[in-house]
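Take a look at the structure set out below.
Both counts, for ligands and for their atoms, begin at 1 and track the order of listing.
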Amino acid sequence: MRGLTDKRVLVTGGASGIGQATVQRFVEEGAAVAIFDRDSRALEKTLAEIPQVAKGVTVDVSDDRAVAEAFRELDEVFPAIDILINNAGISVRHESFRSITPAQWRQVLNTNLNGAFYVASETVRRMDHGVVINQSSINGLAAFPHYADYNASKAALLALSRTMAVELAPQIRVIALCPGAVLTPMQRAEYTDEMFQQVNDNIPLGRHADPEEIARFLAFLASDDARFITGQHYIIDGGETARAAL
Ligand code: NAD
């Protein structure tokens, strides 16, 4: 294996989609995994499906006080954390930039950016040596219409990741991942069948990623095999952005 055995891993948004596949992957690599997710029913289901998970906490990462409380609960199981997969996120398709309300804007930024900061901040206090991976998106690198709030949150995560990487080196590596289209509940819910096909047609590999393919890359980036990698972002998108220079 790649040095992930017995590592203490926290995955936010681990009760669905990419996060859940990541939980599964790290469990298979022999890691001790904890999940933070706001959806208690999905979390319960995940804990039943992956009984090796060490701890699941229902928490809304956009609430800083709730995050602090969740970490106190986690401390009882994990006195320290080795790897954070900072993955919880939401996206909302807006009719146009003009229709985005301040409340909608705040909801997306509070979850995707502020939530990631709250969790990273509490994590690094409990991390001597380790790895933080922030889940950004190709939407953080280019203009995807109808998603101004989401795009802005994911671009800001790239800046946050770079800065953390420089300040926290050499003890902590910090990386951002930029997936393209991944077939998860979040993504599928936004599509009509026609939209789904259009997205596939725009991807040179002709399909969405499977969440497991993202999870495998996350496991590599978190492992000792990637020990000289920090401060960078990585695109995993089936070639979608290769058409434009990013
Ligand atoms: P998903 O909806 O399947 O899963 C997201 C999980 O995060 C859910 O379990 C949800 O309950 C949890 N969550 C959402 N808001 C939360 C909050 N405030 N506090 C705690 N938990 C919260 O989504 P997914 O597609 O697996 O996306 C996971 C991450 O990957 C997101 O950050 C997303 O932006 C990013 N991403 C997804 C895609 C894609 O195509 N699916 C592409 C690029 C990046």
| Aromatic plane relationship, H208 with F196 - under 30° parallel, 30 to 60° tilted, over 60° perpendicular | tilted
| query | Does the pair F144 and Y150 meet the rule for a ring pair (Phe, Tyr, Trp, His ring centres under 6.0 Å), with working shown? | reply | CA-CA 9 Å; F144 286 79; Y150 183 77; 9.1 Å; no
Inspect the contact between [Y] and [X] and indicate whether a charged nitrogen and a carboxylate oxygen are less than 4.0 angstrom apart.
| X | Y | answer |
| --- | --- | --- |
| D63 | R38 | no |
| R207 | E213 | yes |
| R41 | E44 | no |

| Pair Q198-N202, side chain to side chain donor-acceptor pair (under 3.5 Å): steps then yes or no | CA-CA 6 Å; Q198 268 172 9; N202 206 33; over 6 Å; no
| List by chain and number: which residues place a heavy atom under 4.0 Å from ligand 1? |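 For ligand 1, the contacting residues are G13, A15, S16, G17, I18, D37, R38, D39, V59, D60, V61, N87, A88, G89, I90, T111, Q135, S136, S137, Y150, K154, P179, G180, A181, V182, T184, P185, M186, Q187.
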